[in-house]
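The sequence lines fix the lettering, A, B, ..., with proteins before strands; numbering per chain opens at 1.
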2 protein chains.
Amino acid sequence: MNGKPTIKDVAAKAGVSVSAVSKVLRDAYGVSDEMRDKVNAAVKELDYRPRTAARSMRGRSYSIGVVMPGIASSFPTQIAEEINDFFKPTPYQPIITVGSGMAKEQIEAAEALIDRQIDGIILISPWMDIAWVERLATRIPTVLVARNGIGRHYDSVTDNAFEGALAMVSHLVELGHRSIAYTSMGDGGLKRPYVLSHTSRQDGYEYAMKMHGLKPRTVISAYTEDGGYRAGCELLDGDEPPTAIFAGSDIAAFGVMRAAYERGLRIPEDLTVTGYDNVFASGLHGVDLTTVDQSSNRMGRTAAQLLLERIEGRTEVVCRIESPKLVVRGSSAPPAKRR
Amino acid sequence: MNGKPTIKDVAAKAGVSVSAVSKVLRDAYGVSDEMRDKVNAAVKELDYRPRTAARSMRGRSYSIGVVMPGIASSFPTQIAEEINDFFKPTPYQPIITVGSGMAKEQIEAAEALIDRQIDGIILISPWMDIAWVERLATRIPTVLVARNGIGRHYDSVTDNAFEGALAMVSHLVELGHRSIAYTSMGDGGLKRPYVLSHTSRQDGYEYAMKMHGLKPRTVISAYTEDGGYRAGCELLDGDEPPTAIFAGSDIAAFGVMRAAYERGLRIPEDLTVTGYDNVFASGLHGVDLTTVDQSSNRMGRTAAQLLLERIEGRTEVVCRIESPKLVVRGSSAPPAKRR
DNA sequence: CTGAAAGCGCTTACAG
DNA sequence: CTGAAAGCGCTTACAG
């Protein structure tokens, strides 16, 4: 046996018939416990997974279709929409699957797709450890979005988060801020240099602070409105509240703003708040958040393009790094003379 | 031949071999023009589409996998995420596909899924005409979200948009407004009662206005920030600018707000602006939009539940209508004494 | 309870 | 250029 194991391989290893394996797999009526155990052992040993395509020729595909209108409203959805647009004129159909921000769920989602015999896969902000990704990439054309590091078998598209964070800190320092805090999130156990963008943003922030002779001050919490709120509370209620808070994502910045308003602070008069991502809501009047745009409008297309090239045979690794740009709006201003 | 046509049926109809059909389909080398024409005619006549599952057993699946982290940031994405959560503990895997807000693209997206042998399909805000949907529903379990009317072969989940719009108008009238304009979007040629939610919102608005003895005034434009902006400009630059603008969607309301601010108007002192949907951004400090929440947090799960029941054999039609609720925030207030 | 055989709808060498 | 046959990896009656 070579390549992905089939039901035949399982049957051979377990020393039973193919139909018996099929029955155990489908939990069908009429199998002895002994048979079940033997088959399950063989399945586990071979790491066997039934192919949905073969299955659906007779039985069910266990696939549910969902058709929805456009979705470009956050970084991942924007990327997904561009991928979709890119493949429209080709015979390929993107099928999207949603995991959470956890490695385990993302692996499950990816495997569900592989069971469906996809020709290639794009992972957006993937939390899986790099060994898993490399293994995946030896089996199927793979492109990663928003994950740093150069792979051996896959392509990647990232923004230069280090540079983006650096630009933001420089902007704040130029305005006169000296006490600039940063909110980030945990690294999820990912090891350098194969980290997600936010780690690289944090690196950029810390590097820039030191470069300007300032002391970095990072609070770790979630990249959610609530996470930002908690980080904001911690910073603003502390001994020496900063004059500027650079949130690692716009969503978190919204939470920081809430904490600030709750304390009667005006933005930007009393406190400067900035973010990263340039999501739709950041541009709204009344929000007007200074942020960094990671040019996600190109990242999705680039990822799709790279995947297509791989499907068509390219094997050399390509790693594209887009340059982010600072978007200055009304939430940043010089610090108040005294507090 | 009965059921969906196969390559065999095409071959029989065209009077050629199965392999010949396969070659024409894949544009492979070595087919005469005559053969090509015969096959294409048969394909068209039978409305044949190759099954991706069978295809992928030897060749390509023409499916691209995209794995992305959570996406609940707009009405459709929120629905999609809940569907996803619902199926997590089941053996079914939702595969999401993105169309635009146009019937043609949505049909293409749906067909791409059917080619992949899905067991059931959920359509979110579908623009296809009802005959197409009914035909689909006779072939495969189908559930519609946010589309009015009771089907013969499919289930549906909607919010009571009429009631929601009515509640909003009553709120505005209670505040003292008499001149309340509304922004909607086109009906896309859909015929009553099988309309999308926004038509029903408009009906509710117009009914409520008449009920209060007021003259309805609706501007049609897109449900986008820009569409709202254009509608806002039209209303505010007109002869008798309204004291309140009820936008048919939050996104459009953001555009109306931009038009207002651009003209130096304060919200809510000089102009009341309200929306519908209660998207994330509406709750942000500085936006603080009065709106209607269509309890989309239940709609997705309900749709998934109904689909599962259909897959498992139910055939009676179920139509669930959720009650929306008014969310009063800072963008609505009594009209200025004089303008 | 277990297994040999047919078949799902395609594609792919291989003859003709 | 065209077609008969084998095969992809499963499931499904059907015997045993």
Separation of [X] atom [atom1] from [N] atom [atom2], in whole Å?
X     : N      : atom1 : atom2 : value
A:D33 : C:dT2  : CG    : C1'   : 15 Å
A:L46 : D:dC10 : CG    : P     : 12 Å
B:D37 : D:dT2  : CG    : P     : 11 Å
A:I7  : C:dG3  : CD1   : C1'   : 13 Å
A:D9  : D:dC8  : CG    : P     : 11 Å

(request) Give a yes/no on whether any side-chain N or O of B:T6 is located under 4.0 angstrom from OP1 or OP2 of C:dC8. (result) no
(request) Verify the contact: side-chain N or O of B:S22 to OP1 or OP2 of C:dC10, cut-off strictly under 4.0 Å; return yes or no. (result) no
(message) Run through DNA chain D and report every stem of 3 or more consecutive Watson-Crick or G-U pairs, distances under 3.5 Å, ordered by first number.
(response)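 Stems (3+ consecutive pairs) listed as C:1-3 with D:14-16, C:5-12 with D:5-12, C:14-16 with D:1-3.
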(message) Test your reading of the model: is there a side-chain donor-acceptor pair from B:N40 to the backbone of B:D37, 3.5 Å cut-off?
(response) no
(request) Examine distances only and state if a side-chain atom of B:T142 and a backbone atom of B:I140 form a donor-acceptor pair shorter than 3.5 Å. (result)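 Indeed, once roles are kept as given, a pair shorter than 3.5 Å links the two residues.
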Expected list for residues 145-155 of chain B: side-chain donor-acceptor pairs under 3.5 angstrom, two or more places apart:
| from | atom 1 | to | atom 2 | distance (Å) |
| --- | --- | --- | --- | --- |
| B:R147 | NE | B:Y194 | O | 2.9 |
| B:R147 | NH1 | B:P126 | O | 2.7 |
| B:R147 | NH1 | B:M128 | O | 2.6 |
| B:R147 | NH2 | B:M128 | O | 3.2 |
| B:R147 | NH2 | B:Y194 | O | 3.1 |
| B:D155 | OD1 | B:R310 | NE | 3.1 |
| B:D155 | OD1 | B:R310 | NH2 | 2.9 |
| B:D155 | OD1 | B:R314 | NH1 | 3.3 |
| B:D155 | OD1 | B:V318 | N | 2.9 |
| B:D155 | OD2 | B:R310 | NE | 3.0 |
| B:D155 | OD2 | B:R314 | NH1 | 3.0 |
| B:D155 | OD2 | B:R314 | NH2 | 2.7 |

Would you say the side chain of [Y] lies within less than 4.5 Å of the side chain of [X], judging by non-hydrogen atoms?
X      : Y      : answer
B:W127 : B:I107 : no
B:I321 : B:D159 : no
A:D9   : A:I7   : no
B:N84  : B:K88  : yes

(message) Expected output is a numbered-order residue list: members of residues 10-20 of chain B with a heavy atom under 4.0 Å from any atom of DNA chain D. What is it?
(response) B:V16, B:S17, B:S19, B:A20
(request) Apply side chain to side chain contact (heavy atoms under 4.5 Å, CB included) to B:I96 and B:I83, showing your working. (result) CA-CA 10 Å; B:I96 299 168; B:I83 292 170; over 6 Å; no
(message) Between A:E322 and A:T158, is the side chain to side chain donor-acceptor pair (under 3.5 Å) condition met? List the steps.
(response) CA-CA 6 Å; A:E322 305 275 353; A:T158 58; over 6 Å; no
(request) Compare the minimum distances between each of C:dC1, D:dT2, C:dC10 and the side chain of B:M35, then state the nucleotide with the smallest one. (result) D:dT2
(request) Taking only the side-chain heavy atoms of B:A54 (C-beta and beyond), determine which of D:dG3, C:dG3, C:dG9 contains the nearest atom. (result)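 For the B:A54 side chain, the nearest candidate turns out to be C:dG9.
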(message) Both A:K8 and A:K23 contact DNA chain D. Taking the nearest nucleotide for each, which residue is further toward the 5' end?
(response)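 Closest to the 5' end, via its nearest nucleotide, is A:K8.
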